[in-house]
Amino acid sequence: MQTIKGAISGVSGSTVTVKGMDGARMHTVAFVGKDGLLGEIVRIHGEQVVLQVYEDTTGLSIGKEVVSCGKPLTVRLGPGLLSGVFDGIQRPLEALRLKSGAFIKKGVSLDVLLDKKWEFIPRVKKGDAVEPGDVVGIVRENQIIEHKIIVPPPSVSSPLNKGGIRGVVKEVRKGVIAGDEPVVILEDGSAISLYQEWPVRQPRPFKERLSPNAPFLTGQRIFDVLFPVAEGGTAIVPGGFGTGKTIVEQTLARYAKSDIIVYVGCGERGNEMTEILTDFPKLIDPSTGLPLILRTVLIVNTSNMPVAAREASIFIGATVAEYFRDMGYSVALMIDSISRWAEALREISSRMEEMPGEEGYPPYLATRLGNFYERAGKVKCLGNNNRTGSVTIISAVSPPGGDFSEPVTQASLRVAGALWALDTDLAYRRHFPAVDWNKSFSLYYNSLKDWFLKEVAEDAVLLRDCIMKMLEREGELKEIVQVIGLEALQDVDRLTMELGRIVKEVFLRQSVFNEADAFCTMEKQYWMMKCIIQFYNKAKDAIGKGVYLEKILASPVATRLMRMQDIPSNVFKQRAREIMREME
Amino acid sequence: MTLLTYEYQSITGISGPLIFVEGAAAGSLGEMVEVCLSTGEKRKGQILQMMEGLAVVQVLEGTSGIDTVSSKIILKGETAKIGVSLDMLGRFFNGHGEPADGISPIIPAARLEINGLPINPAARDKPAHFIQTGISTIDGLNTLVRGQKLPIFSGAGLPANEIAAQIVRQAKVAGGEKFSIVFGAMGITSREAFFFKNAFEESGAVERTVAFINMAEDPAIERLFTPRCALTAAEYLAFEKGHHVLVILTDMTSYCEALREIGSAREEIPGRRGYPGYMYTDLATIYERAGRIKGKEGSVTLIPILTMPDDDITHPIADLSGYITEGQIVLSRPLFRKGIYPPVDVLPSLSRLMNLGIGREKTRDYHRGAADQLYSAYAKSRDTRRLSAIIGEEGLTDMDKRYLKFADEFEKIFVGQGDADRSIDETLKLGWKILSILPSTELIRIREEFVEKYYTG
Ligand SMILES: Nc1ncnc2c1ncn2[C@@H]1O[C@H](COP(=O)(O)OP(=O)(O)OP(=O)(O)O)[C@@H](O)[C@H]1O
Ligand SMILES: [Mg+2]
């Protein structure tokens, strides 16, 4: 590939204008100034191009050299990603710390995924025919994840690999091998190594999209029962500051049933990333009994790191997620927060003096956002042995002033399958997760009903609907009470109100700080619903027979109901049965 | 270091705080320049943007008197820096870091870029130490920890400064640890400056204080430099000298207004309410400088104060700050009018790092539960108050009446502590006393065993 050299003609924030770049290609990278800062060509106008630069541009001046070699911005994919923490352009932050200290300096380049050798266990032999997506071998990356080495799929924008690699295996190596050395060589000479490069802005191909039919289980009652997201689906979590978006993202990264978690801290706080980095190596994954960090990849570009890299970070995250999907894993891609990505896009666009759309965002905001969310999905993977994999996207949205009518929330809503709307008033009352049950929805619910009937219980759907109805009725009654007072209500209505309160306090509220309740199994969720509904029915009967409501509410069994959360999941079913017997 | 000096007498335009200089090709983004007026006066400027043949320079001291014929600029060859050393302690500087107390300049141990560099998230250490401020609504309900950034959201005329001064006076660190205060003031009145000077003196903290002060009558553009100077000094003290540094920045609203002024002079497309679209990122480069670093002893704890225009928490200044900081302490005008000091409105207040500073070994094991319970009970009691205003007390149940009493006592006793310096034990005991107004069956956010042990109703 031919290199093109130009000279800086303007610098404004994270964008740099360059002259003399005849023949440069859109969305390829260029290196700027004497530090060789990484940039990407985002606009071409004759021989003049505009770069978005992924590092701090302070100190750049007119006339300094810019070099482009025509490569797109890529991610390096291979063993060593798991447990790693990378910045928005995939520099490993731990290695960066060792090299340049506690503060991030610019112009430091680092090898990615090359610091370690891996034991390669082949799954093909000489003479086998392979094609894109086939598994040629594995690396046991850690105790839980078998990293599959797959034949790189073809990529239109990568000059490295246009048609995709296919052919007959000529040579297979095994043993301990570095990331960039070939492990399998085909007869036409093409080599497959442990790692592959993939252009970040291009979705990775698959055979076909499958329709979502299983829930992405989170261990959080309000999500799993009321507003479930499907595996391969998209949920958005909008909310004003302090309403609990990050806690939702982090809690799901801890407890969600998923093989791999890719967590993108996009323009948020440094301390939140540190929390994950220090806690996840110690926290034990309930399903494997091993530290959570083993299934986690962190991509971090905090709010004070260069803004253009923030724009790139979500695509790095999506590409890593798809890469593991292609191995046949279920992957959760957590984004906190997509609004910071949109703001980065807006900033770059305004520096290029593009015509602004609503709230200053570029008119292509919705399209870009849509393309990004489309990278979620459950798919049949390329290659042999019929793997299916999924990418589920959970994306936080930070609307200014907590007002959901703004462009990023609205554009996200158009493509999301589930909305978990966080409410400031609930957060003020410390009702967490502060999910507004009136505003939130799940479009997946109907297609997941079968799963609940089959995997949980025959009455699971019925109970859920009862809970929803009770919440609705409580809402109506509450409005009445605000005019006439509780005293004026009939006992049956007061009972409904009390039960509504129990549903909210005991079932919907779930504190991450309560060890017994932070993660709730499906079984516990089901039995909690069952207890509440049975209590409601029994109490209604009793009132019909003339028992005073006060007496019912003061009964020991009511108190036990109120304290149900504190019963750990593993003994819940048994204790629930006791409670229900007591109700008789 | 080059010996060449670049001088340009080619100012082609002036707009607000900006000048446009043609042909300044040797300049670089962020570089400092000296603007020389024909009167011999020298001012400081900084290159904001480079366009084909044109440099955009913001002038700290303002542009009045500058002309396009005889004024010239000289490139300084470096970005904005200040000299730092331990001798800064006890000194006063102006808003861009020059001595303002009439004493000779300090002899710097190092010259540091005021913009600083982002802390590598992999190098951060998780905040973990409780800071006792002696204020119940903070210690009990919104605990501050070392390395946190916790702003005070104030309104015009509300006593944010008094609270900040009280924190400075009362904040305790374990004996033997090095402790200092960095004070950055943007656009404060001389009355406020006087108040803080007094407060530092009274608390005996003057020798441990570094102050950077931009007064209300000082040029607005200088305000963009003040918090950065302050944080550079703080980082030096914390991460080079092992101090636990408490940084107070006031008033971030003046800072944001200066930012808006530059934005409009550059004819940028304005964001919400005219503030620049990059204000979130800009504020983050200030607030994110708080923290702890692995392997270093010190810490930077940041308490910015901002005035919410019109008491509006959704105003971009408060909103964007809240999106970056680790919680907020919100002041309430209704409480202030009732004569309650400190008038902290606990419901919108939050400390996100609270959990790292409380619990068995740090405060008490029931702390989290008790705080959550006080919150939800207070929220409920405020609803009850509203209801009572509509339907009158007669329509209320006995339970409602208990909640009403709870609300009054909570505000009067727990919140309204006045100048008292309360230990965390006193705060938590008081919490139980007020919770005990309610029947114990209401206290479901606290584990049963604790309710049995501490409930006194
Ligand atoms: N499930 C939960 N259980 C207990 N506390 C919670 C829960 N969710 C949120 N919180 C509380 O709310 C605080 C704020 O949550 P979080 O930091 O997730 O907000 P956010 O929406 O991400 O805010 P921002 O947009 O400013 O980043 C937390 O520090 C915690 O105290
Ligand atoms: Mg957050």
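Note: hydrogens, waters and symmetry copies are ignored here, and every other heavy atom, side chains too, is used.
For a residue to count as touching a neighbouring chain, one of its non-hydrogen atoms must lie under 4.5 Å from one of that chain's; by this rule A:D279 touches chain B with the side chain only. B:A371 does not touch chain A: none of its heavy atoms, backbone or side chain, sits under 4.5 Å away. Interface residue A:M273: only side-chain heavy atoms are found under 4.5 Å from chain B. With a threshold of 4.5 angstrom between heavy atoms, B:S388 does not approach chain A through any atom at all. A:P92 does not touch chain B: none of its heavy atoms, backbone or side chain, sits under 4.5 Å away. Contacts between B:L396 and chain A at a heavy-atom distance below 4.5 Å involve the backbone alone (N, CA, C, O). Residue contact with chain B, scored on non-hydrogen atoms closer than 4.5 Å, involves the backbone of A:I484 exclusively. Both the backbone and the side chain of B:T397 come within less than 4.5 Å of a heavy atom in chain A. The part of B:I390 that comes within reach of chain A is its side chain, from C-beta onward, which places non-hydrogen atoms under 4.5 angstrom from that chain. Interface residue A:L60: only backbone heavy atoms are found under 4.5 Å from chain B. Residue A:T17: no heavy atom, backbone or side chain, is found under 4.5 Å from chain B. There is no contact between B:Y378 and chain A, counting heavy-atom distances below 4.5 Å. Only the backbone of B:R447 has a heavy atom closer than 4.5 Å to any heavy atom of chain A. Contact annotation for A:T302: only side-chain heavy atoms (C-beta onward) come within less than 4.5 Å of a heavy atom of chain B. For B:Q373, no part lies near chain A; criterion is any non-hydrogen pair under 4.5 Å. Using a 4.5 Å cut-off between heavy atoms, A:K106 makes no contact with chain B at all. Neither the backbone nor the side chain of B:Q46 comes within contact range of chain A; no heavy atom of the residue lies under 4.5 Å from a heavy atom of that chain. A:R501 touches chain B through its side chain: at least one heavy atom from C-beta onward sits under 4.5 Å away, while N, CA, C and O do not.
For B:E297, the CD atom is loosely surrounded, since the number of other residues' heavy atoms within 6.0 Å does not exceed 12. Within 6.0 Å of the CD atom in A:E353, the count of heavy atoms belonging to other residues, nucleotides or ligands does not exceed 12. Annotation for B:E449: atom CD counts as buried by contact number, over 12 foreign heavy atoms lying within 6.0 Å.
Closest heavy-atom contact between A:V483 and B:I391: O-CG2, 2.8 Å. Considering all non-hydrogen atoms of both residues, B:V451 and A:R563 come closest at CG2-NH2, 4.1 Å. Residues A:R430 and B:L347 approach most closely at NH1-O, 3.7 Å, considering heavy atoms. Heavy atoms only, all atoms of each residue included: B:E326 and A:N271 are closest at OE2-ND2, 2.9 Å. Heavy-atom minimum distance, A:S61 versus B:G27: CB-O, 2.9 Å. Contact between B:I324 and A:S303 at its shortest, heavy atoms only, is CG2-OG, 4.5 Å.
For chain A, the option among B:G277, B:G30, B:G327, B:G369 with the highest count of heavy-atom pairs below 4.5 Å is B:G277. With chain A as the partner, the residue from B:A284, B:G295, B:G322, B:A55 showing the most heavy-atom pairs under 4.5 Å is B:G322. Your options are B:D400, B:T325, B:L54, and the one with the most heavy-atom pairs under 4.5 Å with chain A is B:T325. Counting heavy-atom pairs closer than 4.5 Å to chain A, the top-ranked of the candidates B:Q328, B:R386, B:K294, B:K380 is B:Q328. The residue among A:V300, A:T57, A:D566 with the most heavy atom pairs within less than 4.5 Å of chain B is A:T57. With chain A as the partner, the residue from B:A26, B:S28, B:G147 showing the most heavy-atom pairs under 4.5 Å is B:S28. Of all the listed residues (B:P348, B:A25, B:A379), the one sharing the greatest number of non-hydrogen pairs under 4.5 Å with chain A is B:P348. Most heavy-atom pairs under 4.5 Å with chain B, from the set A:G240, A:S511, A:G63: that is A:G240.
A distance of 8.0 Å separates CG of B:L117 from CG of A:D56, quoted to the nearest 0.5 Å. Atom-to-atom distance recorded for B:M50:CE and A:S9:OG is 10.0 Å, nearest 0.5 angstrom. A distance of 8.5 Å separates CE of A:M562 from OG1 of B:T441, quoted to the nearest 0.5 Å. In this structure, B:L320 CG and A:E343 CD are separated by 7.5 Å, a value rounded to the nearest 0.5 Å. Rounding to the nearest 0.5 angstrom, the gap separating the OG atom in A:S12 from the CG atom in B:L29 is 8.0 Å. Remark: B:L356 CG to A:E275 CD distance equals 5.5 Å, nearest 0.5 Å.
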Practice item. Kindly determine whether A:R310 and B:T281 satisfy side-chain hydrogen bond (donor to acceptor under 3.5 Å, both in side chains), including the steps that lead there. Key: CA-CA 11 Å; A:R310 194 191 295 169; B:T281 304; 3.3 Å; yes
Practice item. Take A:R340 and B:Y323 through the test side-chain hydrogen bond (donor to acceptor under 3.5 Å, both in side chains) and record every step on the way to the result. Key: CA-CA 11 Å; A:R340 306 301 167 219; B:Y323 269 124; 5.3 Å; no
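The shortest side-chain heavy-atom distance between B:R352 and A:F241 falls under the 4.5 Å cut-off. By the 4.5 Å heavy-atom criterion applied to side chains, B:I269 and A:R346 are not counted as neighbours. Within the 4.5 Å cutoff, the side chain of A:R509 has no heavy atoms near those of the B:D372 side chain. Residues A:E359 and B:R272 form a side-chain contact, since some pair of their non-hydrogen atoms from C-beta on lies under 4.5 Å apart. With contacts defined as side-chain heavy-atom distances shorter than 4.5 Å, the pair A:V307/B:Y278 does not qualify.
Between A:E505 and B:R445 there is a salt bridge, with a side-chain nitrogen of the basic residue lying less than 4.0 Å from a carboxylate oxygen of the acidic one. Taking 4.0 Å as the cut-off between side-chain N and carboxylate O, A:K105 and B:E113 do not count as a salt-bridged pair. Taking 4.0 Å as the cut-off between side-chain N and carboxylate O, A:K478 and B:D383 do not count as a salt-bridged pair.
Residues of residues 285-293 of chain B lying under 4.5 angstrom from chain A, judged on non-hydrogen atoms, are B:T285, B:E288, B:I293 by number. Scanning residues 120-127 of chain B against chain A with a 4.5 Å non-hydrogen threshold yields B:N120, B:P121, B:A122, B:A123, B:R124, B:D125, B:K126, B:P127, sorted by number.
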